[in-house]
Amino acid sequence: MFKYEYFCEPASLQRPFLFLPKGLSTPHSYVLSKGVCEFVLRRLKSSDPERFKNKFTVAFEEYVSDILKNLNPSMLRETEIQAIYASKNVSGKCVDFLLHEGNNIFLIDAKCAEPQPNVLSSDNPLHIADRIKENMLKGVQQVGETIKNLEKLDYANLPDIDHRYSVIVTHQDFYIRNLSKLTAYLGEDKSRKYNDSTSGSIKQEKLMFISIDHFEAVAIICKAANRSISDFISFVVDAEKSHITECFAMIQYIEKYAKSVGVKRSFRESSHLRSSLESGRENLGHALNTSKNYWRNKNSDEGIRAFIRAYHELKSELLKAQPNLLV
């Protein structure tokens, strides 16, 4: 077994269903949920990659916006930051969102990106650097350039470097955590562009990479505890100073932070998500009742034939969509 195979995506995610003589089953409910989500995502991307990317990018940014509005309604969006640039005849890149949290400034860039499987399983810095530069490097450059532009136009509310924080929000977890970890891993040559982009603008350990589900969890905790996201970043920075308190995964920091600020209720479930779940439950109930009424109006022989026909049609469509979905 090769070393990288320990970190490869499990085959059960690509084949979440077990096709048994008596029907469909699954190894675990989480595997099924994750596998179906990945199937839908990959199916949509493969059908029309460019169209999917354009639509999903807009939807992803709006979702991040909704999370931030719930936490801090006075945030600035990219168009508003560009308007500040234009008022002082400054041009250049900027992040998607900017917030003021007390004496701190907080910059957010949304990148609806997922790591390729070979990025998660590789331990080769050169390989990883080439695969992530389109998303990570671009996000880091936008953070650095935004701060430099704000300095150039003497932005009154720009604090000193000790009070600057940033996150690059991705669709799925890249397991990188922050820019300091990334540049240390990539080495001097491959991290030069990252270092040049942020030198004198922001401390690398305060520029974090975080997936959307983890970002939403942090926002929920901060809202419940009346804290800021920069407070969470400071918590992680302090924890990473020692191997005793350092964690492997972001969710571990989130759980520790929730405990430290006294948030005991579920922080993985936002009001937006609860609303979506309720709506989905209502639609499912309606579909079940419609199905029940449909079959009640069929006589037994006709109903059996219709059921078998529908079953084979579903199986055929599933196999057409993804031949290895059923095993």
Side-chain angles (χ1 to χ4, degrees), residues 30 33-34 37 60-77 95-113 139 143 159 162-181 202-242 244-278:
Y30 176 78
S33 174
K34 181 73 173 173
C37 287
F60 186 80
E61 189 174 318
E62 287 305 315
Y63 194 82
V64 174
S65 174
D66 288 343
I67 293 171
L68 292 171
K69 279 178 188 173
N70 189 47
L71 186 66
N72 189 333
S74 61
M75 67 174 184
L76 297 178
R77 297 199 64 160
V95 292
D96 294 318
F97 307 97
L98 186 153
L99 281 74
H100 291 284
E101 299 180 324
N103 295 325
N104 302 323
I105 194 170
F106 180 46
L107 299 92
I108 307 99
D109 205 55
K111 299 291 180 197
C112 58
V143 170
D162 289 328
H163 296 277
R164 298 171 188 173
Y165 298 82
S166 182
V167 296
I168 294 172
V169 184
T170 57
H171 180 219
Q172 294 179 351
D173 200 349
F174 280 72
Y175 296 94
I176 294 174
R177 285 215 297 274
N178 62 47
L179 184 56
S180 177
K181 294 284 184 186
I202 187 169
K203 292 185 175 180
Q204 291 194 349
E205 65 271 19
K206 292 185 177 181
L207 194 163
M208 298 185 69
F209 306 99
I210 187 167
S211 62
I212 185 65
D213 56 334
H214 291 158
F215 182 67
E216 186 168 20
V218 172
I220 292 169
I221 294 168
C222 292
K223 180 78 171 178
N226 195 26
R227 299 296 182 98
S228 64
I229 297 181
S230 53
D231 183 64
F232 168 75
I233 296 175
S234 294
F235 175 86
V236 175
V237 170
D238 289 341
E240 294 200 330
K241 290 177 181 177
S242 168
I244 297 173
T245 52
E246 187 177 18
C247 298
F248 171 74
M250 183 60 72
I251 190 62
Q252 294 172 301
Y253 285 117
I254 294 172
E255 289 170 348
K256 283 187 175 183
Y257 182 70
K259 187 176 180 181
S260 73
V261 296
V263 176
K264 296 180 181 179
R265 67 179 180 79
S266 172
F267 51 79
R268 299 177 189 238
E269 196 177 282
S270 67
S271 56
H272 179 80
L273 180 59
R274 282 197 297 273
S275 174
S276 297
L277 287 171
E278 287 298 324

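These figures come from a predicted structure and were not determined experimentally. Atom set for the values below is all heavy atoms of this structure, side chains included, hydrogens, waters and symmetry mates excluded. This chain uses plain numbering: 1 for the first residue, then up along the sequence.
The minimum heavy-atom distance linking Gly139 with Ile168 is given by the pair C-CD1, 3.5 Å. Ala110 and Val64 get closest at one heavy-atom pair: CB-CG2, 4.1 Å. Smallest separation of non-hydrogen atoms from Tyr253 and Ala239: CE2-CB, 3.6 Å. Residues Val263 and Ala225 share a closest heavy-atom pair of CG2-CB, 3.9 Å.
The shortest distance between side-chain heavy atoms of Arg77 and Glu61 falls below 4.5 Å. Within the 4.5 Å cutoff, no side-chain heavy atoms of Phe215 are placed close to those of Thr170. Side-chain atoms of Phe235 and Val261, non-hydrogen and from C-beta on, never get closer than 4.5 Å to each other. You'll find the side chain of Ile251 reaches within 4.5 Å of the side chain of His214, heavy atoms only. Annotation: side chain of Cys222 is in contact with side chain of Ile229 (closest heavy-atom distance under 4.5 Å). Put simply, the side chain of Met75 reaches to within 4.5 Å of the side chain of Lys69, judged on heavy atoms. Proximity of Asn72 to Leu68: side-chain heavy atoms (C-beta onward) are nowhere separated by under 4.5 Å.
The backbone N or O of Ser230 lies less than 3.5 Å from a partner atom in the side chain of Glu101, making a donor-acceptor pair. In this structure a side-chain-to-backbone donor-acceptor pair under 3.5 Å is missing from Arg177 to Glu205. One N or O on the side chain of Arg164 and one on the backbone of Pro159 form a donor-acceptor pair closer than 3.5 Å. The closest donor-acceptor contact from the side chain of Ser166 to the backbone of Leu107 lies under 3.5 Å. Remark: side-chain polar atoms of Asp109 are paired, donor with acceptor, to backbone N or O of Asp96 under 3.5 angstrom.
Taking OG from Ser65 and CG from Asn70, the interatomic distance works out to 11.0 Å, rounded to the nearest 0.5 Å. Note that the CG atom of Leu207 and the CG atom of Asn178 stand 8.5 Å from one another [nearest 0.5 Å]. With rounding to the nearest 0.5 angstrom, the CD1 atom of Ile108 is 11.5 Å from the CD1 atom of Ile210. Note: Asp231 CG to Tyr165 OH = 8.0 Å, rounded to the nearest 0.5 Å. Atom CG of residue Asn104 and atom OG of residue Ser234 lie 6.5 Å apart, to the nearest 0.5 angstrom. Here Ser180 contributes atom OG and Glu240 contributes atom CD; the two are 8.0 Å apart, rounded to the nearest 0.5 Å.
Residues satisfying the ring pair (Phe, Tyr, Trp, His ring centres under 6.0 Å) test with Phe60, not counting sequence neighbours, are none.
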>> What verdict does the side-chain contact (heavy atoms from CB on, under 4.5 Å) test give for Phe209 and Lys111, after you've listed the backbone C-alpha separation in whole Å, the side-chain angles of each residue and the deciding distance to 0.1 Å?
In response: CA-CA 10 Å; Phe209 306 99; Lys111 299 291 180 197; over 6 Å; no
> For Ile212 and Ile67, what are the C-alpha separation, side-chain angles and deciding distance, and is it a side-chain contact (heavy atoms from CB on, under 4.5 Å)?
Replying inline: CA-CA 10 Å; Ile212 185 65; Ile67 293 171; 3.7 Å; yes
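By the 4.0 Å N-to-carboxylate-O rule, Glu216 lies too far from Lys223 to be salt-bridged with it. Taking the charged nitrogens against the carboxylate oxygens, Asp162 and Lys203 do have a contact shorter than 4.0 Å, which makes a salt bridge.
Each of Lys181, Lys241, Lys256 was scored for a salt bridge (charged side-chain N to carboxylate O under 4.0 Å, His left out) with Glu246, with one residue passing: Lys181.
Heavy-atom contacts from other residues, nucleotides or ligands closer than 6.0 Å to CG of Asp238 number more than 12.
Aromatic pair Tyr257/Phe232: ring centres closer than 6.0 Å.
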